[in-house]
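Quick notes on the structure that follows.
In each ligand, atom 1 is the first atom listed, and ligand 1 is the first ligand listed. Counting from 1, the numbers follow the sequence of the chain as shown. For the numbers below, each heavy atom of this structure counts, side chains included, while hydrogens, waters and symmetry mates do not.
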Amino acid sequence: MMDIQSDLRQHDLLIDGKRMPPGTGEYSVDINPATEEPIALVAQGSSADVDAAVRAARSALKVWNSIRAAERGRILQRLAGLMRENMEELAALESLDCGKPIAAVMRQDVPAAIDTVEYYAGWCDKINGQVVPTRPDALTYTLREPVGVVAAIVPWNFPLMIGMWKIAPALACGCTLIVKPAEITPLTALRIGELALEAGVPPGVLNIVTGKGSVVGDALVSHPGIDKVTFTGSPSVGRGILQGAAGNFKRVTLELGGKSANVIFADANLDNAVRAAASGVFFNTGQVCSAGSRILAHRDVYDEVVERLATRAKSIKVGDPSLRETSMGPLISAAQMKTVLSYVDTGRSEGASLVTGGTRVGDRGFFVEPTVFANVEHEMRISQEEIFGPVASVIRFNDEADAIRIANGTSYSLAAGVWSADLSRVHRVARDLKAGTVWINTYGYTDVRLPWGGAGDSGFGREHGDVAIENFTEPKAVWVAIDQ
Ligand code: NAD
């Protein structure tokens with residue numbers, strides 16, 4: 001019998017500019033979540049591999065910072081150009097690895113990743129210190145220096161885009177990195193590592209170590225040679241990272257989960273509101289940290305919102321991600337599908353009304369129908385806990401104060417939406433909502449120029465924009481005596 005795995009390409013680690021087999025010699029099978037078929041063999045890194053990557057990144061710090069800032073910017077521009085030239089390949093890899101519809105990846109993930117690199121390429125020669133007036137017998141100024149070696153730990157829901165949210169600003173600031181993609185979606189990170197070398201990023205500046213979170217992730221977080229950890233993932237892992245990073249007081253940025261509220265008032269444009277609410281919760285099969293998974297509808301329009309949302313849910317084309325007409329692919333894994341379906345059971349047993357969906361589609365691939373629950377009470381688990389799947393909970397509210405109380409009533413505060421034609425109301429509500437991002441009469445947009453992140457169980461710190469430049473630099477004060 002032919003060994004199917006012998007046909008698969010073996011993906012090694014990328015350390016110091018070279019592809020290297022893992023110290024353990026072990027590889028995991030990466031599968032396509034739409035077909036459950038193996039697509040690649042991926043190196044299972046070990047703590048010894050992390051040591052090697054940290055050594056490479058530490059010695060590359062000097063090399064990377066000996067290149068003029070404007071030239072580093074040109075190298076990043078070349079990387080963006082290579083990503084554009086290889087856009088179809090990157091999209092195909094991301095679609096295969098994550099089960100994302102190819103049309104969505106070409107429209108959203110890849111362009112956003114390229115935009116991020118281009119944006120931070122422009123920052124390289126604009127990271128200024130300041131001359132600060134203190135006293136006449138001194139010249140006092142500040143420098144912004146790279147924090148050093150960064151560990152970037154990336155989740156599986158937007159591996160390429162979220163990876164670039166970390167890689168691009170870190171490189172712009174003169175840092176070097178070890179990137180650990182999620183074990184089940186490593187392919188685009190490895191390809192970006194190759195493209196970066198081709199663009200002129202020196203060996204050792206961007207290292208990719210694949211493998212388990214509990215092995216590679218843990219080794220990075222506790223490693224004394226790492227200066228900063230930037231993490232996107234679940235609150236439980238985030239908590240462990242914060243504790244693990246305490247050893248040498250690493251700087252930490254945590255982008256964690258969400259249970260975002262999308263609040264629809266009775267005077268909202270319901271066509272727009274429900275269209276955006278549907279894509280806000282079903283986009284990427286609901287595996288989005290800012291998914292608008294709680295749809296709060298005013299009691300006067302509640303029934304209409306539920307009915308229209310259910311109609312939209314039923315019209316979503318679920319299926320083969322490689323087809324252009326597919327709008328929703330599978331969940332990422334069997335485990336994630338099990339979790340989502342068990343939340344459907346929880347919703348039912350808590351007394352919510354299942355309006356549509358709630359079951360697996362087919363028996364191959366991890367597809368679940370777009371699901372709408374009505375008559376959801378704020379205290380129910382399906383209203384409080386992040387499901388990370390295509391499950392909408394529609395909750396009734398009576399007035400503005402009630403809406404805010406419900407919207408703010410979870411442990412998360414990442415994002416929120418508000419829909420109304422009343423100008424004063426939308427600004428009042430935007431002010432009162434506990435969230436890192438508030439969308440008014442729209443939902444779900446992000447842009448690398450705007451800060452992104454949350455508080456509470458959604459983590460702390462912000463990515464994007466000039467905040468990310470602060471994240472990856474340390475200010476230094478320089479005091480020069482001036483003889484009088
Ligand atoms: P996860 O926390 O399980 O894994 C995230 C990453 O951490 C992976 O690379 C994983 O291998 C690694 N990891 C696991 N255990 C580790 C350990 N002990 N030490 C170090 N690293 C470890 O999360 P996930 O399941 O990949 O992603 C889903 C979660 O991510 C959701 O909760 C979602 O809301 C969140 N998320 C947040 C944002 C945001 O911007 N706030 C964006 C996307 C996803």
Side-chain angles (χ1 to χ4, degrees), residues 28 30 33 42 44-45 47 50 97-98 100 109 112 116 151-166 178-186 188-189 208-223 226 229-245 247 250 252-260 281 283-293 331-333 335-337 339-340 385-389 410-415 435-437 444 446 448 450-464 467-468:
S28 64
D30 187 18
V42 181
Q44 287 283 318
S47 61
V50 167
D97 214 3
C98 310
K100 287 169 183 275
D109 301 59
T116 302
I153 303 179
V154 181
W156 43 256
N157 60 343
F158 293 93
L160 177 64
M161 185 181 78
I162 294 180
M164 293 324 297
W165 286 357
K166 301 179 185 311
I178 294 110
V179 176
K180 198 213 85 65
E183 190 187 353
I184 50 179
T185 58
T188 44
I208 317 287
V209 181
T210 52
K212 287 200 174 77
S214 56
V215 179
V216 176
D218 199 55
L220 285 167
V221 169
S222 55
H223 203 293
I226 297 281
V229 180
T230 165
F231 171 76
T232 299
S234 58
S236 59
V237 174
R239 194 165 288 117
I241 285 180
L242 200 52
Q243 285 158 352
K250 292 180 182 68
V252 177
T253 316
L254 301 175
E255 306 287 349
L256 310 176
K259 190 72 189 176
S260 300
V281 61
F283 177 64
N284 209 43
T285 322
Q287 302 165 120
V288 181
C289 49
S290 54
S293 51
L331 289 157
I332 190 70
S333 63
Q336 191 66 14
M337 182 172 72
T339 304
V340 170
E385 296 174 18
E386 184 179 46
I387 299 175
F388 229 54
T410 74
S411 57
Y412 295 103
S413 69
L414 183 62
T437 294
T446 56
V448 70
L450 286 169
W452 180 252
D457 282 359
S458 299
F460 59 77
R462 295 289 184 271
E463 297 196 283
H464 295 180
V467 186

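Here the protein heavy atom with the shortest distance to atom 34 (O) of ligand 1 is E386 OE2, 2.6 Å. Given atom 21 (N) of ligand 1, the protein heavy atom at minimum distance is G217 CA, 3.6 Å. Protein heavy atom closest to atom 37 (C) of ligand 1, with residue, atom name and distance, is L256 O, 2.8 Å. Nearest protein neighbour of atom 9 (O) of ligand 1, counting heavy atoms only, is V154 O, 2.8 Å. Among protein heavy atoms, the minimum distance from atom 27 (O) of ligand 1 is reached at P155 CB, 3.5 Å. For atom 23 (O) of ligand 1, the closest heavy atom belonging to the protein is S234 N, 3.4 Å.
Near N157, meaning under 4.0 Å from one of its heavy atoms, ligand 1 places the atoms 43 (C), 44 (C). Numbered from 1 in the order shown, with element, the atoms of ligand 1 that lie under 4.0 Å from a heavy atom of L414 read 41 (N). For ligand 1 and P181, the ligand atoms under 4.0 Å from any heavy atom of the residue are 9 (O). Heavy-atom proximity to T232, at under 4.0 Å, picks out these atoms of ligand 1: 5 (C), 36 (N), 37 (C), 38 (C), 39 (C), 40 (O), 42 (C), 43 (C), 44 (C). Near G213, with a cut-off below 4.0 Å to any heavy atom, the atoms of ligand 1 are 11 (O), 12 (C), 13 (N), 14 (C), 15 (N), 16 (C), 17 (C), 18 (N), 19 (N), 20 (C), 21 (N), 22 (C). Listed by number with element, the atoms of ligand 1 under 4.0 Å from a non-hydrogen atom of I162 are 42 (C), 43 (C). Of all the atoms in ligand 1, the ones that sit under 4.0 Å from a non-hydrogen atom of A182 are 8 (C), 9 (O). Residue-ligand proximity, D218 to ligand 1, at heavy-atom distances under 4.0 Å covers atoms 19 (N), 20 (C).
Atom CG of residue D218 and atom NZ of residue K180 lie 11.0 Å apart, to the nearest 0.5 angstrom.
With S293 as reference, K259 is the one residue of K259, E386, E385 to meet the side chain to side chain contact (heavy atoms under 4.5 Å, CB included) rule.
Judged by the shortest distance from any of its heavy atoms, G244 lies outside the 4.0 Å radius around the atoms of ligand 1. Residue F158 places no heavy atom under 4.0 Å from ligand 1.
Annotation: K212 places no N or O atom under 3.5 Å from an N or O atom of ligand 1; distance criterion only. For a threshold of 3.5 Å applied to N or O pairs, the pair formed by G233 and ligand 1 contains at least one separation below that value. Not a single N or O atom of I153, backbone or side chain, sits closer than 3.5 Å to an N or O atom of ligand 1. Not one N or O of C289 is nearer than 3.5 Å to an N or O of ligand 1, by distance alone.
Within a 4.0 Å radius of atom 4 (O) of ligand 1, the protein has no heavy atom.
Smallest separation of non-hydrogen atoms from D457 and P235: O-CG, 3.5 Å. Scanning both residues, C289 and S260, for their nearest heavy atoms gives O-OG, 4.4 Å.
Contact check for D97 versus D30: side-chain heavy atoms found under the 4.5 Å cut-off. Using a 4.5 Å cut-off on side-chain heavy atoms (C-beta onward), T339 and I387 make no contact. For the pair L331/V340, a side-chain contact is recorded, criterion being any heavy-atom separation below 4.5 Å from C-beta on. Counting only heavy atoms from C-beta outward, the side chains of F231 and L256 approach each other to under 4.5 Å.
Between the side chain of Q336 and the backbone N or O of S333, no donor-acceptor pair lies under 3.5 Å. When atom types are taken as modelled, the side chain of T253 and the backbone of T230 share no donor-acceptor pair closer than 3.5 angstrom.
One finds a salt bridge joining K166 and E463 here, because a Lys/Arg side-chain nitrogen approaches an Asp/Glu carboxylate oxygen to under 4.0 Å.
When the heavy atoms of E255, K180, E183 are ranked by distance to atom 10 (C) of ligand 1, first place goes to K180. If you check each of W452, F388, W156 against atom 26 (O) of ligand 1, the one with the closest non-hydrogen atom is W156.
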Problem set entry | Stepwise side-chain contact (heavy atoms from CB on, under 4.5 Å) test for I241 and L254 | CA-CA 9 Å; I241 285 180; L254 301 175; 4.2 Å; yes

Exercise. Given V179 and V209, is the side-chain contact (heavy atoms from CB on, under 4.5 Å) satisfied, shown in steps?
Worked result: CA-CA 6 Å; V179 176; V209 181; over 6 Å; no

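Aromatic ring orientation, W452 versus H464: parallel (interplanar angle below 30°, classes split at 30° and 60°).
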